[in-house]
Novice: 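Mind looking over this structure? Questions follow.
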Amino acid sequence: MSGSDVVTFADDHRVIEILDPATGAAVGEVPMADPAEIDQCVRTANHVQPLWARTPAGERAAALRAGAALLRERADELAELNKAETGRPAPEGKEGVLAGAATLEQYAELGPVHRGKSLQGDFDATDFMVWEPRGVVVALTPWNDPVAVSCGLLGAALATGNVVIYKPSERAPHTGRLLGELLAGVLPENVLQTVHGNGQVGALLAARPDVHVVAHVGSTTTGRAIAKSTAQTGAKALLENGGNDALVVDSGVAVEWAAEQAALGAFANSGQICVSVERIFVHRDVATDFLAALVAAAESWKAAPLVDRRHREHVHAQVRDAIEHGAELLTGGVLPGGAGAHYPATVLAECEPSMRIMREETFGPVAPVRVVNTFEQGIAEAANDEYGLAATVLTPSMANAQHAWRTLPVGTVKINAVFGGAPGGAAQPRRASGTGFGYGPELLDEMSQMKVVHLRPAPR
């Protein structure tokens with residue numbers, strides 16, 4: 001079996017066994033935290049949090065800058081660990097590490113200027129509103145971009161005076177362990193603690209009444225379980241969960257360019273990106289040429305392996321289900337032999353909205369295509385979905401672009417580019433995709449709580 005979240009038992013302690021998804025070779029084992037360790041970890045976090053909250057914001061920022069410098073120094077090592085655990089090519093993994101370092105630096109700049117405001121009240125009184133840290137933040141992070149995503153949550157939490165209990169994904173624990181060690185080394189003791197484990201460990205952390213924020217990037221199923229737990233404890237839930245992002249291709253587009261965009265969106269990192277293209281709606285006027293160009297792009301795409309064979313089984317099951325319900329397989333869709341968890345870039349035509357491949361997140365290198373008669377039909381069908389993460393529209397029409405971003409009920413709309421965005425941007429996922437800002441300057445607000453102060457002298 002090739003998998004990167006296999007829980008085994010050694011000397012009566014549970015361990016996570018990691019296998020290389022490219023070769024099936026053993027990468028290593030990481031012990032899982034038990035309930036007693038989790039209890040001690042949370043108690044320690046609550047003990048040290050007031051001291052970190054009283055640390056001047058400039059000193060907290062300096063620690064984040066030091067952490068960013070260490071990430072840059074160890075970027076190649078982190079990228080190689082990421083490759084061994086998840087199959088992500090090392091150059092792409094290094095880009096993620098450098099993006100994480102830049103995020104830490106961003107929060108080092110933003111943290112000290114995270115301002116409250118003064119209010120105009122009575123002349124003999126002072127009224128103001130000030131941000132304060134929430135307390136103990138649990139950060140449950142994913143495997144598909146483990147350093148970049150983690151640095152966003154950790155950086156914003158630490159910059160605002162919170163302490164963090166960091167549980168990296170059980171599919172990338174070695175990468176998470178090194179990241180946690182590097183950042184903990186520039187912080188006071190126990191301001192950042194790293195624990196390892198599967199979803200059971202995450203659930204124990206999320207249910208603690210002495211945890212104040214649970215920030216999770218991962219599946220919708222897990223996110224909903226976290227929301228139930230935090231509803232009982234009063235903790236704040238920050239959730240970026242599943243997506244089923246649509247790509248709408250209008251008539252009049254340059255077909256080769258549109259196919260390249262679709263291939264990039266669907267196949268980059270083997271489709272294992274939160275905002276990967278999951279559904280494609282193409283205007284009938286350009287459909288034939290677009291499909292031919294997309295097939296050519298898929299057949300020339302050198303796909304990295306999926307994270308493990310269990311996930312590959314999930315992707316392949318959706319492809320087979322689509323074919324059984326009438327989709328036409330144009331290329332890919334066949335399980336390769338040999339070790340590892342590779343899966344070919346796959347293009348499906350004749351897809352219907354009722355198919356699982358169009359309704360559920362696939363998270364693999366699959367491009368399911370549906371031909372629509374009008375641009376408006378494409379937008380309407382793209383909007384008819386339970387998720388609300390992101391969507392992309394390729395169109396030469398400014399009017400259609402305007403209609404699209406106004407109409408699509410998602411947190412991020414990209415016009416004429418499947419990836420990209422300005423520094424400092426942020427997004428709020430909607431519906432089944434989660435809640436709350438997951439990055440950007442607004443994440444500082446999420447990690448803080450506002451206190452209103454009315455101060456006046458006592459009578460003489």
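One-based numbering along the sequence shown. In this text, all values refer to a predicted model and were calculated from it rather than measured experimentally.
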Novice: Is R60 reaching over with its side chain to a backbone N or O of T55, donor-acceptor style, under 3.5 angstrom?
Specialist: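 Here the side-chain-to-backbone pair exists.
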
Novice: Any salt bridge between E109 and R65, counting N to O under 4.0 Å?
Specialist: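 Counted as a salt bridge, because a side-chain N and a carboxylate O are separated by less than 4.0 Å.
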
Novice: Is the shortest heavy-atom distance from the side chain of V137 to the side chain of V163 under 4.5 Å?
Specialist: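 Counting from C-beta outward, V137 and V163 never come under 4.5 Å.
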
Novice: So, the side chain of K83 versus the backbone of G93: is there a donor-acceptor pair under 3.5 Å, distance only?
Specialist: no

Novice: Rounded to the nearest 0.5 Å, how far apart are CD of E446 and CG of L153?
Specialist: 11.0 Å

Novice: Below 6.0 angstrom between ring centroids: does that apply to W301 and Y343?
Specialist: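 Judged by ring-centre distance (under 6.0 Å), W301 and Y343 do not meet the cut-off.
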
Novice: Can you measure from NZ (K167) to OG (S150) and round to the nearest 0.5 angstrom?
Specialist: 10.5 Å

Novice: Indicate yes or no: at least one non-hydrogen side-chain atom of R171 is less than 4.5 angstrom from one of D308.
Specialist: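 With C-beta onward as the side chain, the pair touches.
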
Novice: Check whether N144 reaches the backbone of Q272 with its side chain - one donor and one acceptor, N or O, closer than 3.5 Å.
Specialist: yes

Novice: Which heavy atom of C151 sits nearest a heavy atom of L71, and at what distance?
Specialist: SG-CD2, 3.5 Å

Novice: Without swapping roles, check the side chain of S229 against the backbone of A207 for a donor-acceptor pair under 3.5 Å.
Specialist: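 Not a single qualifying donor-acceptor pair exists.
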
Novice: Answer yes or no: is there a donor N or O on one side and an acceptor on the other, between the side chain of T362 and the main chain of G364, under 3.5 Å?
Specialist: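 Between the backbone of G364 and the side chain of T362 there is no qualifying donor-acceptor contact (under 3.5 Å).
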
Novice: Kindly indicate whether the side chain of W52, heavy atoms from C-beta on, has any atom under 4.5 Å from the side chain of N162.
Specialist: no

Novice: Which pairs with one or both residues in residues 327-352 pass salt bridge (Lys or Arg N to Asp or Glu O under 4.0 Å), sequence neighbours excluded?
Specialist: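 Only E352-R370 qualify under salt bridge (Lys or Arg N to Asp or Glu O under 4.0 Å).
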
Novice: Identify the two heavy atoms, one from A262 and one from F290, that lie closest to each other, and give their separation to 0.1 Å.
Specialist: CB-CZ, 3.8 Å

Novice: Just verifying a value: how many Å separate E360 CD and E278 CD, rounded to the nearest 0.5 Å?
Specialist: 10.5 Å

Novice: Quick one: pull up CD in Q200 and CD in E170 and give me the separation to the nearest 0.5 Å.
Specialist: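 Reported value, rounded in 0.5 Å steps: 10.0 Å.
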
Novice: Does K414 form a side chain to side chain contact (heavy atoms under 4.5 Å, CB included) with V275? I'd like the steps, not just the answer.
Specialist: CA-CA 11 Å; K414 296 163 285 184; V275 290; 4.0 Å; yes

Novice: How close do A304 and G87 get, counting heavy atoms only, and between which atoms?
Specialist: CB-O, 3.6 Å

Novice: Any donor-acceptor pair under 3.5 Å linking the side chain of R279 with the backbone of A382?
Specialist: yes

Novice: Using 4.0 Å as the upper bound for N to carboxylate O, is an ion pair formed by D385 and R359?
Specialist: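 No, this pair does not count.
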
Novice: Please say which of L348, T346, I323, I357 ends up in a side-chain contact (heavy atoms from CB on, under 4.5 Å) with Q318.
Specialist: I357

Novice: Is any side-chain heavy atom of V15 closer than 4.5 Å to a side-chain heavy atom of V30?
Specialist: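 With C-beta onward as the side chain, the pair stays apart.
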
Novice: Could you pull out the closest heavy-atom pair between V366 and F267, with the gap in Å?
Specialist: N-CE2, 4.1 Å

Novice: Quick test of your reading: applying salt bridge (Lys or Arg N to Asp or Glu O under 4.0 Å), list the pairs with at least one residue in residues 198-220, sequence neighbours left out, ordered by first then second residue.
Specialist: D39-R208, R208-D210

Novice: Do T412 and L389 come within less than 4.5 Å of each other through their side chains, counting heavy atoms only?
Specialist: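 A side-chain contact under 4.5 Å is absent here.
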
Novice: CD/E361 to CD/E386 distance, rounded to the nearest 0.5 angstrom?
Specialist: 10.5 Å

Novice: Which pairs count as side chain to side chain donor-acceptor pair (under 3.5 Å) when at least one residue sits in residues 431-444, sequence neighbours excluded?
Specialist: none

Novice: Kindly determine whether D250 and L394 satisfy side chain to side chain contact (heavy atoms under 4.5 Å, CB included), including the steps that lead there.
Specialist: CA-CA 6 Å; D250 198 3; L394 307 180; over 6 Å; no

Novice: How far does CG of L205 sit from NE2 of H216, to the nearest 0.5 angstrom?
Specialist: 12.0 Å

Novice: Spell out, as yes or no, whether a donor-acceptor pair under 3.5 Å connects the side chain of T331 to the backbone of E299.
Specialist: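 No, the answer is negative, given that no donor and acceptor are paired below the 3.5 Å cut-off.
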
Novice: Looking at side-chain heavy atoms only, is the closest gap between W257 and N416 below 4.5 Å?
Specialist: yes

Novice: Taking it one step at a time, do W143 and V307 satisfy side chain to side chain contact (heavy atoms under 4.5 Å, CB included)?
Specialist: CA-CA 8 Å; W143 51 266; V307 66; 3.5 Å; yes

Novice: Treating H325 as the side-chain partner and D321 as the backbone partner, does any N or O pair qualify as donor plus acceptor under 3.5 Å?
Specialist: yes

Novice: Does the side chain of R134 come within less than 4.5 Å of S448's, by heavy atoms?
Specialist: no

Novice: Would V195 and Y166 satisfy side chain to side chain contact (heavy atoms under 4.5 Å, CB included), going step by step from the backbone distance to the final call?
Specialist: CA-CA 6 Å; V195 299; Y166 169 44; over 6 Å; no

Novice: Looking only at heavy atoms, what is the nearest atom pair of Y387 and G242, with distance?
Specialist: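 Closest heavy-atom pair between Y387 and G242: CD2-O, 3.2 Å.
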
Novice: Hey, does V213 have a side-chain heavy atom less than 4.5 Å from the side chain of V138?
Specialist: no

Novice: Using atom types as modelled and distance alone, determine if a side-chain donor or acceptor of N244 lies under 3.5 Å from a backbone N or O of M358.
Specialist: yes

Novice: Using atom types as modelled and distance alone, determine if a side-chain donor or acceptor of E240 lies under 3.5 Å from a backbone N or O of G438.
Specialist: no

Novice: So which heavy atom on V164 is nearest to which on A157, and how close?
Specialist: CG2-CB, 3.6 Å

Novice: For S219, give me all partners under side-chain contact (heavy atoms from CB on, under 4.5 Å), at least two apart in sequence or on another chain.
Specialist: T221, T222

Novice: Which side-chain N or O atoms in residues 173-190 pair as donor and acceptor under 3.5 Å with protein atoms at least two apart or in another chain?
Specialist:
unit_1 : atom_1 : unit_2 : atom_2 : d
H174   : ND1    : E85    : OE2    : 2.8
T175   : OG1    : N82    : N      : 3.3
T175   : OG1    : E85    : OE1    : 2.7

Novice: Is any side-chain N of the basic residue among R310 and E313 closer than 4.0 Å to the acidic one's carboxylate O?
Specialist: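 E313 and R310: not salt-bridged.
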
Novice: Taking only residues at least two apart or on different chains, which pairs with a member in residues 86-107 satisfy salt bridge (Lys or Arg N to Asp or Glu O under 4.0 Å)?
Specialist: R72-E105, D76-K94, R88-E92, R88-D145

Novice: Any chance you could lay out the side chain to side chain donor-acceptor pair (under 3.5 Å) test for N241 and T220, step after step, and finish with the verdict?
Specialist: CA-CA 5 Å; N241 297 152; T220 294; 5.0 Å; no

